[in-house]
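Following: one structure in structure tokens, then a few remarks.
Computed from a predicted structure; not experimentally measured.
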Amino acid sequence: MRIFDPHIHMTSRTTDDYEAMYAAGVRAVVEPSFWLGQPRTSPASFLDYFDSLLGWEPFRAAQYGIAHHCTLALNPKEANDPRCVPVLDALPRYLVKDNVVAVGEIGYDSMTPAEDTALAAQLQLAADHGLPALVHTPHRDKLAGLRRTLDAVRESALPPERVLVDHLNETTVKEAKDSGCWLGFSVYPDTKMDEERMIAILRAYGTEQVLVNSAADWGKSDPLKTRKVGDLMLAEGFGEDDVDQVLWRNPVAFYGLSGRLNLGVTGTEATHEGNSILRGVPKDPHEPDPGPGDGDEPARVPAAEA
């Protein structure tokens, strides 16, 4: 089973996750820019973050055989913070980068006028740069949020077939599908969609233009949810071709609209800007285990002896 996770925040994950994802069949990911869990205080923090998504994170992914691309944007939650909004002026110089395959995540969080403005501006940026857009629908008032999202898309220069509407569920899937947009579903351990609900939606609406993602981040989430959906699809009677369409060909087709998708793994050098993913000195298999104080870290003194 080959898997392309089209929405996962690997900056928040460990190298153990990359290793487990590769073992599960993940060979490509797209990492959308999003908020950090606490407020940013200036556009400069966005720019450092964007640089990491274009440099360090593709390097980390490549160490485990996974191709990494990203989407960049001012996210909906921080569109309400005047300290963050000026990052919109810096986005054009980042959206020309080869590894950027969409503008995103954009959309709505609380459906405020500030979010309206940011969404419209970034849909225009996507159209100007020949990029598709990844749109976040709100976690509250989902149907109202979807309808407001679709209105914004219709008023923009970006056609719906270049828009992926994410975080859908049973209440929003029909109208999203009728709009002509691509359909994104985030599968989580306790919230949003789960595997069983995802199977029911696939039975009802088919596999065309459907993307399934883990959206794994710094919160309670699971970077192997894509594999679990694929396994359940097979167990519930879907064919291998159906699984391949949902978990591989559909994300390739959508992000391929950017003209920048490269599924070859690059950046497999041992270091990136002088840094590696290793910690300490690799163990020599012919040498005995170092005792306390013999390794690359200072010996720890028991409390009773300190």
Give a yes or no on whether L211 and V153 share a hydrophobic cluster (residues Ile, Leu, Val, Met, Phe, Trp, Tyr; joining criterion: side-chain heavy atoms under 4.5 Å apart).
no
Mind listing the closest non-hydrogen atom pair of Y188 and S214 along with its distance?
CE1-O, 3.4 Å
Say whether, by atom type as modelled, one donor and one acceptor occur between the side chain of R227 and the main chain of M21 under 3.5 angstrom.
no
Does the ring of F46 carry R40 above it, NZ/CZ under 6.0 angstrom from centre and within 45° of its axis?
yes
For the pair K142 (side chain) and P138 (backbone), establish whether a donor and an acceptor sit closer than 3.5 Å, ignoring hydrogens and angles.
yes
Residue among I3, L263, V243 satisfying side-chain contact (heavy atoms from CB on, under 4.5 Å) with W248
L263
Heavy-atom nearest pair, N213 first then S186, reads OD1-OG, 2.9 Å
What I'd like to find out is whether the side chain of Y255 reaches to under 4.5 Å of the side chain of L164, using heavy atoms alone.
yes
Suppose the criterion is ring pair (Phe, Tyr, Trp, His ring centres under 6.0 Å): which pairs have a residue in residues 222-243, not counting sequence neighbours?
none
Are side-chain heavy atoms of M1 and L234 found at a separation under 4.5 Å?
yes
L123 CG to I106 CD1 distance, which is reported to the nearest 0.5 Å
4.0 Å
R249/D241 under salt bridge (charged side-chain N to carboxylate O under 4.0 Å, His left out): CA gap, chis, key distance, verdict
CA-CA 10 Å; R249 299 198 308 272; D241 187 69; 3.2 Å; yes
Side chains of H136 and H167 only: does a donor on one sit below 3.5 Å from an acceptor on the other?
yes
Short question: side chain of S33, backbone of A73 - any donor-acceptor pair under 3.5 Å?
yes
Distance check, rounded to the nearest 0.5 Å: N169 atom CG versus M198 atom CE?
10.5 Å
Looking at every heavy atom in both P251 and P6, which two are closest together, and how far apart are they?
CB-CB, 4.0 Å
Would you say V101 ends up clustered with L125 if hydrophobic residues are merged whenever their side chains have heavy atoms under 4.5 Å apart, either directly or through other cluster members?
no
For H9 and E31, test the side chains for any donor-to-acceptor distance below 3.5 angstrom and give the result as yes or no.
no
Would you name the heavy atoms of L261 and G256 that are closest together and state the gap between them?
CD2-N, 4.0 Å
Would you say that more than 12 heavy atoms from the other residues, nucleotides or ligands in this model lie under 6.0 Å from the NZ of K97, or not?
no
Is there a donor-acceptor pair under 3.5 Å between the side chain of E115 and the backbone N or O of M111?
yes
Do NZ/NE/NH1/NH2 and the carboxylate oxygens of R140 and D109 come within less than 4.0 Å?
yes
Strictly distance-based, threshold 3.5 Å: is any side-chain N or O of D48 a donor or acceptor partner for the main-chain N or O of S45?
no
Minimum side-chain heavy-atom gap E170-M193 below 4.5 Å
yes
Tell me, yes or no, whether the heavy-atom count around D128 atom CG, taken from other residues, nucleotides or ligands under 6.0 Å, exceeds 12.
yes
So, S110 side chain and T112 main chain: donor-acceptor pair closer than 3.5 Å or not?
no
Donor-acceptor pair, distance only, cut-off 3.5 Å: does the side chain of E236 make one with the backbone of L232?
no
Under a 4.5 Å cut-off applied to non-hydrogen side-chain atoms, are V30 and C70 in contact?
no
Show the nearest heavy-atom pair for residues C181 and S179, with the distance to one decimal.
N-OG, 3.1 Å
First locate atom CG of L47, then atom CG of D51, and finally report the distance between them rounded to the nearest 0.5 Å.
7.0 Å
Co-membership, hydrophobic cluster, residues V103 and L257, 4.5 Å side-chain:
no
Could you verify whether a donor N or O on one side chain and an acceptor N or O on the other, from E57 and S52, lie under 3.5 Å apart?
no
Quick one: do the Q209 and N250 side chains pair a donor with an acceptor below 3.5 Å?
no
K225 and D194 ion-paired at < 4.0 Å
no
On a heavy-atom basis, the closest approach of L158 and A133 is CD2-CB, 3.6 Å
Other residues, nucleotides and ligands only: do more than 12 of their heavy atoms fall within 6.0 Å of CG on D81?
yes
Distance in Å, I201 CD1 paired with K174 NZ, rounded so as to fall on 0.5 Å steps:
14.0 Å
Would L134 and F4 show up in the same hydrophobic cluster when neighbours are defined by side-chain heavy atoms closer than 4.5 Å?
yes
Do any N or O atoms from the side chain of T71 and from the backbone of G104 form a donor-acceptor pair under 3.5 angstrom?
yes
Do the side chains of R83 and E78 get close enough for a salt bridge, i.e. N-O under 4.0 angstrom?
no
Taking R60 for the side chain and M10 for the main chain, is one N or O donor matched with an acceptor at less than 3.5 Å?
yes
State, yes or no, whether a side-chain contact exists between D244 and R2 at a heavy-atom distance under 4.5 Å.
yes
Taking the side chain as every heavy atom from C-beta outward, state whether T172 and T137 have any atom pair closer than 4.5 Å.
no
How many angstroms lie between CZ in F254 and CG in L183, if you round to the nearest 0.5 Å?
11.0 Å
Considering only residues two or more places apart or on different chains, which pairs with a residue in residues 78-132 satisfy ring pair (Phe, Tyr, Trp, His ring centres under 6.0 Å)?
F50-Y94
Linking I/L/V/M/F/W/Y whenever their side-chain heavy atoms sit closer than 4.5 Å, directly or via other members, would L202 and V165 fall into one cluster?
yes
Quick one: OH on Y49 to CG on L36, what's the gap to the nearest 0.5 Å?
6.5 Å
Close side-chain approach of L146 to L150, heavy-atom, < 4.5 Å:
yes
Are D5 and R27 close enough for a salt bridge, meaning some N to O gap below 4.0 Å?
no
Any salt bridge linking D151 with R147? Criterion: basic side-chain nitrogen under 4.0 Å from a carboxylate oxygen.
no
Verify, without hydrogens or angle tests, whether Q63 (side chain) and F59 (backbone) share a donor-acceptor contact under 3.5 angstrom.
yes
